[in-house]
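Lettering follows sequence order; numbering is per chain, from 1.
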Amino acid sequence: MTELSKHFDPAAIEARWYAHWEKEGLFRPERDDAEPFTIVNPPPNVTGSLHIGHALDNTLQDILIRHQRLLGKDALWVVGTDHAGIATQMVVERQLMETQQKRTDFTREEFVEKVWQWKEESGGEITGQLRRLGCSMDWSNERFTMDEGFTKAVTKVFVDLYNDGLIYRDKRLVNWDPGLKTAISDLEVENSEINGHFWHFSYPLEDGSGAISVATTRPETMLADMAVAVHPSDERYKDIVGKKVKLPITGRLVPVITDEHADPELGSGAVKITPGHDFNDFEVGKRAGFKPTDMLNMLDADAAVYQTADGLIPDELIGIDRFEARKRVVEMIDDTGLLEQVEDRVIVTPYGDRSNVVIEPWLTDQWYVDAEKLAQAPIKAVRDGTVEIVPKSWEKTFFNWMENIQPWCVSRQLWWGHRIPAWYGIKKEMLDPATADAFEGSTEMVFVASSDEDVKEICSAYYEVSADDVLIADTVDEALQLSGENTGVAVITRDPDVLDTWFSSGLWPFATLGWPEETDDLKRHYPNSVLISGFDILFFWDARMMMQGMHFMGEVPWHTLYLHGLVRAADGQKMSKSKGNTVDPLGLIDQYGADALRFFMAAMESQGRDIKMDEKRVEGYRNFATKLWNAARFCQSNGIGASETLEAPAAEKPVNRWIIAETIQTIQQLDIALADLRFDGAANTIYHFVWDRFCDWYLELIKGQIDDETQSVAGWVLDQILVMLHPFMPFVTEELWSKMGDRPDYPLITARWPIADARSMDEDAAKEIDWLIKFVREVRAARSELNVPAGTKLDLYLPDAPELARLVLSRDTAALSRLARIGNLAMKSPPEGSMIQVVVDEATYYLPLEGVIDLDAEKARLAKALETAEKEAGSLDKRLSNPQFVEKAKPEAVEKAKADHAEKTAEAERLRAALERLG
RNA sequence: GGGCGCGUAGCUCAGCGGGAGAGCACUGCCUUCACACGGCAGGGGUCGCUGGUUCAAUCCCAGCCGCGCCCACCA
C-alpha cells in the first residue's frame, strides 16, 4: 500500500492506467457467456481532432459501457474512423498546395496513394485523444470505413440496392458545389440570409405588341431562360399566353406559358423560367414538356458562364464567373433600357457546408438512392417503439423529415472514397476524355457489379444476347476483348465518382461486425443496444443507419437512440473555429484531469438541452476528485482498506448501519438514473452521496472511534463508491482502488457493480442518525448565530427530551463533542443564568453559557425561528380546515399535512416558551 | 410558412400537481489531527406575463411577450 499524496494529480496517473487497461485487454474481457451490450462509436473523421462535442458524446458512451462492463455484460464498444471523403481530400490538397502542386498534377491512382500515405502518417490523431479522455473502446478491432472488409460491404450494398431498384441514375438538378466541384446532398446545403437585390426586367414580346415584366434575384440565369410563366388564372396575361418573348442579350425566343407556380401576388405575376438552374423552374419546365436533356445549361463546373446548346450567349460573356456575369448581364439589360427597377431584398442563399461557397443547382447525371422506400421501415420502427428515441421530443422531427424525404444523391465527384461499382459502355465517338462532363448523354449502358470479374460476366452475357451494338472493353479487363473486335464501337470504363461518405458510415452498426459474412460478432451484437449521437447528425447518420440497417439486416440497428445537444461557449454561442471561441477539451484535461471533464459532461447532460461551457464547474469536479482522494487518504491512515466482501458487512453500530442503508439507497437511485439515461441525475446522486453523506457526516461521525466493525464497513462503503463512480471518473477511482488494498488481477474496471440489497437497510439506525444530524445542525446554527467561539464547549441539559434523543445523545458523546462542541450531558433542568435554547422537534435543549450572551441576538434568532414555524403551521392549518382538501386530496397528502402540522405546532409552542423565558 | 425547445437565486442549470433545489459567486466564522481544490453557518427567488382547469399549479391547458434551433422552392 502506497501512501497517497495530499493533492490528487490526474496527470500522474491517467496515462499509466489507460496503457495498463489497454495492454491487459480489459476493455473487452472474454465473456462469451455473458449477455452482450453493444455501442458503436460514431466514427470520427480520420482528419479530426477531439473537440468538445466529441468529449461529451464519448463520455456518455463510456459511462454506459463501463457501467455495463461492471454489471458483468459482454460490453463491446466498436471504434474506428471515417475516411471522410471531402474533408480528407481537402486536407491533402491543401498540403499539396504548400508545394504549389494540385490534385490534377497527379493521376487519380497517385493522388489516392498520397491520401493513404497521409492517413498512415497523420490520420487518426483523434484516436489517441479519445484515449486521453479515458474511453474504453475495443481498439483491438479498430475499423476504418475504407478498410478492405468495409469496402466490400459498401460495394455489396450498392450492387444490391441497384438490383433491388433502390439506386438509380438520373439526370436532374443537383446541389452543385462549384468550390469542391462535386454534387452534394440536400443535407449538406446550409441556407443563410444575405442582402441581395430583386431585379425587374422587361421582356419584349416577339411580335412587338408589348412587353412582359419579370423579376429575379439571379439575373445571370436569364441567359438560359426557356420560358416565362404566368398563373393560369391571371387575367392580366390572358392574351399574351402562347406568344413568344424575345430575350434580351441572347435574343432567344421563349414562350409565355401558364403554370401554378407563378404567384400573381408577387412582382408582376410573371416569372422567368430557367429549368437548368432553378429547382422550381426545373419542375415547371418538365410540366411544360421540356426533357431534362433539352434543358439549357449556361454554367460550367466552376460556375463560370458556359455556352448554351443553342449558342446564343455572346462570346464576351463566356468563361466569366457567375457573380461577375450577374453584374454584366444587369448592365447589358440596363443598356438596352429594359431594366425596370432594382429592389433591395433579403435572399435565402444556399451554401455548401464544407466549402462555404454558394451552391448552384446544376443539371447532371448522378446516382440517387430511393430514400422514400427505405424510410418506410424506420418510420414504422419508431412508430411502434422498436426504436425508442430519447428524448421523445425528437420523434416529431424524425417523422417530419422521414415522411418528406427526397431522393438521396449519393455520387460525389471526388477521388477519395468508395468508388462507385458501375461501368459504362460508351461509344467511342462520344468519348471526350478532356472534359468532366464527357459522359453527358453518351451512356449506352450501365453495368453495376462488385468486381471486374462480374463486369466481364455481365458484358459477355450481354454480348450474347445483343451482339450487334455492344462494346469491346479495353480498359478494365483484357478478357472483355472476348467480345471480339466487333467494329470498335465502344470502350468500357468505370464510373469515376465516389460515394457520399454517409452512404458508407450508414453501414457502421453491422459492417463493423463482419457483414456481409455471417460472423458470430454480427449475430451477437446486432442490433446494437443503444446509439448515442448529437442531434445534429440525426438525419445525416442516424436515419441512414436505420434505413440501411433495416434493409440489409432486416432489424433495427439499435433499440434506443439517445440524442444529446451541443456544447456551447460560455456565452451561449455555438463554438466554431472561425469565431475563435472553441474550448479545447485536451486543455481542460491538462488543467483539471480527464475525470473532472467527464464528470462535468455527465452532470450537465440533462435530456434535451444544449450544454453551456462552464469552466468553473469543471474546476468544481476536479475539487470533487480531490475530495474523494483525501477521504481515501483518511481511510488509509485509519486502517480502512479494501473490503473483503461484496455484500455489506454485518454491523451493530447505528452509524455503520446507517451508512450501509444510505449506500444502498444511492445504488438504487443510481441504477434508476442510469436505466433512464439521466446522466445528470446519476452524476448528482453519486456526487452528493460521496460529499454530503460519506465525507461530511459518516467520516466525521466515526473519527476517533474506528473499531474493527467500522473499518470493515467504511472499507465496504468506499469500495462501493469507487465502483459506482468509476464509469464517471475512471482514473481516480482505479488509482484509489489499487491503493486501498492488494487486489491483484482484480482491477476496478472489471469489478462488480454493487447490488442494491434492501435487506441491509435499517430504518431504526436511519432514524437515530438522521435525528443526530438534525440536532447537531441546530446546535451549530445557534452557536454560529450567537457568535460562540468555535472552540468553546457547552454543557447540554435535556430535562424533557424524548427517548430517542436521550439514547442518541448519551451514546454518541464523542461525536457530539467533536461536531457540536458539547461538553457534559445532564438529563435535568439547567441552572439559572444565561443560556442558548435549542428546539428540536418537540423538545427544548439548554446550553448554559458562561458570561453574558447577546440577549437581543438570541431573541431575534428564536423569534425568526418561531415566525417560520408559525407560518408553516398556519398554512397547514388553513389547508386542513378546508373540507374540500380533506375530502378530495389523496389520503397520503392529508396524512402528511396532519403530521407536519402537529410537528410545526409543537415546535412553535416550544419556541414561544423559550422566548418567554428570555423575558 | 410549418415543427421543436427555452424563459426558476447574481451566473449556469435541475425540478414539472401538495407549496422551491444544486454548483459557482456572495457574507460571517474557522490554520478542528483527510482535504483551504477544505469545514461550519448564512443571505438571496411575486418559478416571463395574463387567464383557465383543480381542494391545490413553478409544474397541466389557452393566449401573449421575449430568446434559440430545425425544416420549407416564394421567383
Side-chain angles (χ1 to χ4, degrees), chain A residues 4 6-8 186 191 198 214-218 221 229 261-263 265-268 270-274 278-284 345 347-348 361 391 393-397 399-401 404 535-536 538-539 565-566 568 570 572 574 592 596 600 603-604 606 608-617 619-638 678 680-681 684 687-688 695-696 699-700 703-704 776-777 780-785 787-791 818-819 821 872 875-876 879 882-890 892-894 896-897 900:
Chain A
L4 295 164
K6 189 169 164 184
H7 282 305
F8 163 51
D186 297 346
N191 293 310
F198 200 39
V214 297
T216 179
T217 56
R218 299 209 45 201
T221 62
H261 168 65
D263 181 355
E265 304 293 314
L266 199 69
S268 66
V271 57
K272 69 192 231 13
I273 299 299
T274 320
D278 181 282
F279 288 103
N280 288 316
D281 293 3
F282 180 79
E283 296 303 323
V284 175
R345 197 185 180 97
I347 298 171
V348 178
S393 54
W394 283 103
E395 279 186 4
K396 234 176 176 166
T397 307
F399 288 132
N400 184 50
W401 189 70
N404 297 290
F535 64 73
D536 52 331
L538 171 60
F539 304 146
L566 249 52
R568 295 176 170 278
K574 204 168 163 177
Y592 304 108
F600 166 79
M604 298 308 288
S606 58
R609 202 198 266 247
D610 287 347
I611 294 176
K612 271 184 207 160
M613 195 57 225
D614 182 354
E615 196 170 326
K616 290 294 286 180
R617 197 138 181 168
E619 185 186 342
Y621 292 126
R622 186 273 317 266
N623 295 352
F624 174 59
T626 305
K627 182 77 180 175
L628 174 71
W629 182 270
N630 280 301
R633 230 157 54 92
F634 171 82
C635 289
Q636 204 178 48
S637 62
N638 281 281
R678 285 308 304 246
D680 55 343
N684 287 328
Y687 179 95
H688 286 113
C695 292
D696 287 350
L699 293 184
E700 294 303 328
K703 269 181 188 172
V776 168
R777 283 210 161 116
R780 280 171 170 172
R783 292 177 58 116
S784 175
E785 278 177 56
N787 293 314
V788 178
R818 285 197 63 261
L819 302 183
R821 297 267 133 187
E872 285 176 32
S875 117
L876 287 162
R879 253 159 86 191
N882 177 357
Q884 300 264 52
F885 172 72
V886 184
E887 239 175 76
K888 295 187 179 171
K890 282 173 289 186
E892 309 93 81
V894 179
K896 186 169 181 302
D900 290 351

In whole Å, what is the span from the CZ atom of A:F634 to the P atom of B:rC33? 12 Å
Using a heavy-atom cut-off of under 4.0 Å over every strand shown, decide if A:K890 touches base, sugar-phosphate, or nothing. base
Heavy-atom pair with the smallest gap, counting every atom of A:V348 and A:N191: CG1-CB, 3.7 Å
Check every strand shown and say whether A:F8 touches a base, only sugar-phosphate, or nothing at a heavy-atom separation below 4.0 Å. nothing
Residue whose closest nucleotide on RNA chain B lies nearer the 5' end, A:R780 versus A:A262: A:R780
Is the Lys NZ or Arg CZ of A:R617 less than 6.0 Å from the centre of A:F600's six-membered ring, within 45° of the axis? no
Is there a Watson-Crick or G-U wobble partner for B:rC37 with both distances under 3.5 Å, and which nucleotide is it? none
Between B:rA72 atom C1' and A:N400 atom CG, what is the distance in whole Å? 9 Å
Under 4.0 Å, heavy atoms only, any strand: does A:C695 hit a base, just the sugar-phosphate, or nothing? base
Provide the distance between the two C1' atoms, one in B:rA36 and one in B:rC29, to the nearest whole Å. 14 Å
Side chain of A:D614 only, please: which of B:rG23, B:rC55, B:rG42 is the nearest? B:rG23
Answer for the Watson-Crick or wobble partner of B:rU50, both distances under 3.5 Å, is B:rA62
Any strand counts, and the cut-off is 3.5 Å on both contacts for Watson-Crick or G-U wobble. Which nucleotide pairs with B:rC74? none
Quickly work out the A:N882 CG to B:rG19 P distance and round it to whole Å. 16 Å
Ring stacking, A:H261 with base of B:rC73, under 5.5 Å and under 30°? no
By nearest heavy atom, map A:N630 and A:F624 onto RNA chain B; which one lands nearer the 5' end? A:N630
Considering just the side-chain nitrogens and oxygens of A:R678, establish if one lies under 4.0 Å of OP1 or OP2 belonging to B:rG15. yes
Where the side chain of A:R609 is defined as all heavy atoms beyond and including C-beta, which of B:rC37, B:rG7, B:rG42 is the nearest nucleotide? B:rG7
Of B:rC71, B:rA25, B:rC4, the nucleotide closest to the side chain of A:K396 is B:rC4
Spacing of the P atoms in B:rC37 and B:rC70 (rounded, Å): 42 Å
Please classify the nucleic acid contact of A:R818 as base, sugar-phosphate, or nothing, using heavy-atom distances under 4.0 Å. nothing
Watson-Crick or G-U wobble partner for B:rA9, using a 3.5 Å limit on both distances? none
Categorize A:K703 for me: base, sugar-phosphate, or nothing, with a 4.0 angstrom heavy-atom threshold over every strand shown. base
Given 3.5 Å as the limit, does a donor-acceptor pair link the side chain of A:R783 with the main chain of A:P789, or not? yes
Closest to side chain of A:A889, choosing from B:rC69, B:rA75, B:rG18: B:rG18
Taking atom C1' in both B:rA25 and B:rG42, compute the distance separating them and give it to the nearest angstrom. 15 Å
Under 4.0 Å between any heavy atoms, over every strand shown, what does A:D696 touch: base, sugar-phosphate, or nothing? Just pick one. sugar-phosphate
Residue-phosphate contact under 4.0 Å: A:N623 side-chain N/O, B:rG38 OP1/OP2: yes
From C-beta outward on A:A781, which listed nucleotide comes closest to its side chain: B:rC69, B:rG42, B:rA75? B:rG42
B:rC49 versus B:rG10 - spacing of their C1' atoms, nearest Å: 22 Å
Of the nucleotides B:rG3, B:rA34, B:rC55, which has the atom closest to the A:L699 side chain? B:rA34
If you look at every strand shown and take non-hydrogen atoms under 4.0 Å, does A:E700 touch a base, only sugar-phosphate, or nothing? base
Just to be sure I understand the rule, does A:K616 reach a base, reach only the sugar-phosphate, or reach nothing, if contact means heavy atoms closer than 4.0 Å? sugar-phosphate
Is the shortest heavy-atom distance from the side chain of A:E700 to the side chain of A:L819 under 4.5 Å? yes
Ignoring hydrogens, what is the shortest heavy-atom contact between A:P361 and A:D278? Give both atom names and the distance. CB-N, 4.2 Å
For the P atoms, the ones on B:rG28 and on B:rG19, what distance do you get once it is rounded to whole angstrom? 34 Å
Protein-nucleotide distance (A:M604, atom CE; B:rA14, atom C1'), rounded to Å: 9 Å
Whole-Å gap separating C1' (B:rG18) and CD (A:E892): 11 Å
In whole angstroms, the gap separating P of B:rC11 from NZ of A:K612 amounts to 10 Å
Scan A:A603 against the nucleic acid and name what it touches under 4.0 Å (heavy atoms): base, sugar-phosphate only, or nothing. nothing
Does the structure show a Watson-Crick or G-U wobble partner for B:rC16, both distances under 3.5 Å? Name it, or say none. none
What closest approach, in Å, do A:A790 and A:R821 show between heavy atoms, and which atom pair accounts for it? O-CD, 3.2 Å
Before accepting this row, confirm whether a basic side-chain N of the pair A:D680/A:R678 lies closer than 4.0 Å to the acidic partner's carboxylate O. yes
For A:N638 and A:K703: C-alpha separation, side-chain torsions, deciding distance, then whether side chain to side chain contact (heavy atoms under 4.5 Å, CB included) applies. CA-CA 9 Å; A:N638 281 281; A:K703 269 181 188 172; over 6 Å; no
Counterpart base for B:rC69, defined by Watson-Crick or G-U wobble contacts under 3.5 Å: B:rG3
Specify the separation, in whole Å, of atom CG of A:D610 and atom P of B:rA14. 10 Å
Closest to the side chain of A:R617, out of B:rG23, B:rG5, B:rG18, is B:rG23
For B:rC26, what is the paired nucleotide under Watson-Crick or G-U wobble rules, both distances under 3.5 Å? B:rG42
Expressed as a whole number of Å, how far does the C1' atom of B:rC24 sit from that of B:rG66? 26 Å
What is the separation between atom NZ on A:K627 and atom P on B:rC35, rounded to the nearest whole Å? 10 Å
So if I take every side-chain heavy atom of A:H688 and compare against B:rA34, B:rA25, B:rG23, which nucleotide ends up nearest? B:rG23
Which of the following nucleotides, B:rC30, B:rA75, B:rC71, is nearest to the side chain of A:R345? B:rA75
Stepwise side chain to side chain contact (heavy atoms under 4.5 Å, CB included) check, A:T221 with A:K272: CA-CA 9 Å; A:T221 62; A:K272 69 192 231 13; 2.7 Å; yes
Name the nucleic acid region contacted by A:S393, choosing base, sugar-phosphate or nothing; use a 4.0 angstrom heavy-atom cut-off, strictly under. sugar-phosphate
So what does A:R622 touch, heavy atoms closer than 4.0 Å: a base, only the sugar-phosphate, or nothing? base
